[in-house]
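Below, chain A is the first sequence line, B the second, and so on; all start at residue 1. Please read all numbers here as calculations on a predicted model, not as lab measurements.
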Protein chains: 2
Amino acid sequence: MSEDCCDNTNTPPTCCDMRGLLSFSILWLLTKRDMYGQEIADELAQRRGTRPNPGTLYPALAELEKRGHVETRKEGRKKIYRLTEQGRESARVSCEYFCRAYGEIFQEHGSEQKAKVVQ
Amino acid sequence: MSEDCCDNTNTPPTCCDMRGLLSFSILWLLTKRDMYGQEIADELAQRRGTRPNPGTLYPALAELEKRGHVETRKEGRKKIYRLTEQGRESARVSCEYFCRAYGEIFQEHGSEQKAKVVQ
DNA sequence: GACATGTTATCGGGTATCCAATAATAAGGT
DNA sequence: ACCTTATTATTGGATACCCGATAACATGTC
């Protein structure tokens, strides 16, 4: 998780508000693998540069479960979240929307991004 | 603007909340060219599938101006918004943050996206 | 002046996300 | 049993964004 190159924390800009897309980000993360709450918080922290507080994260997870996008099982003290079939479809649909909405931004800055990763 | 292939309106998903990033999106749009309010609303509508209401858009623009990211001039009844130097730098910084935070999503779905555009 | 139109702007109310702080629960070590 | 720790969860308050509706303003037409 932090072996590859740099465990850089992507610090958010101060110039404008970058909030939003929390439940979308969670859906997307869970397409990778099942996770428990703290793992989800870790992954979000790594990407967004800020770790969601419990008071933000758990209500979002509860809402996703209530709407049938995720289901949970208990393992020790951990509660493991997993996409339902519906949740997987939701993730697919919302990822496509996201790409259509914001794709241009990446086509401009994506090259720099890749250069950094490879280098 | 609507000549190329399809003036598709990118309909947002119902499964999760896609709100947010309004002021960021505005900053990014204004790197392309100066625009007045309704133009900005049009561009946002095209990409996000929903047109921001005046009650959303104008306070956001006022805030960006107050913080020194944009400046305005009047042309007829139109008020034209233009990035300041600081605003241009802010756009750059926040775009880079955005790409680091969400780039992975595009690397997965970007190919489908391009295929659609080319086809 | 009177009127329609295009554009900017404000108002009131709702939701998701943000935070800090604290509580509740469950497991492991002694 | 007791303590520590990891994890889940709740509370209360703030902010940006969302909407529909309405107002204010500037321009052009008659």
Please, which pairs that meet ring-ring contact (aromatic ring centres under 6.0 Å, His included) have at least one residue in residues 15-59 of chain A, sequence neighbours excluded? A:Phe24-A:Phe98
B:Arg48 meets the salt bridge (charged side-chain N to carboxylate O under 4.0 Å, His left out) criterion, sequence neighbours left out, with none
Residue pairs passing the side chain to side chain donor-acceptor pair (under 3.5 Å) test where at least one lies in residues 61-70 of chain B, sequence neighbours excluded: B:Glu63-B:Arg67, B:Glu65-B:Thr72, B:His69-B:Gln86, B:His69-B:Ser90
Contacts of type side chain to side chain donor-acceptor pair (under 3.5 Å), residue A:Asp42, not counting sequence neighbours: A:Arg51
Sequence neighbours excluded, the answer for side chain to side chain donor-acceptor pair (under 3.5 Å) partners of B:Ser23 is none
In whole angstrom, what separates A:Arg73's CZ from C:dA26's P? 18 Å
Whole Å only: how far is the CD atom of A:Glu63 from the P atom of C:dT17? 9 Å
Suppose we screen for side chain to side chain donor-acceptor pair (under 3.5 Å). Which residues come up paired with B:Lys32, at least two apart in sequence or across chains? A:Glu108
Nearest nucleotide by nearest heavy atom, which residue falls closer to the 5' end of DNA chain D, B:Arg51 or B:Glu75? B:Arg51
For DNA chain C, whose closest nucleotide is more 5', that of A:Gly76 or that of A:Gly20? A:Gly20
Please list, in 5' to 3' order, the outermost nucleotides of DNA chain D lying under 4.0 Å from any heavy atom of chain B. D:dA16 to D:dT27
Salt bridge (Lys or Arg N to Asp or Glu O under 4.0 Å): pairs with one or both residues in residues 20-31 of chain B, sequence neighbours excluded: none
Protein-to-nucleotide contact annotation, 5' to 3' order, nucleotides 1-14 of chain C [B base; S sugar-phosphate only; - none; under 4.0 Å, heavy atom]: ----BBSBBBB--B
Any non-hydrogen side-chain atom of B:Leu21 less than 4.5 Å from a side-chain atom of A:Tyr102? yes
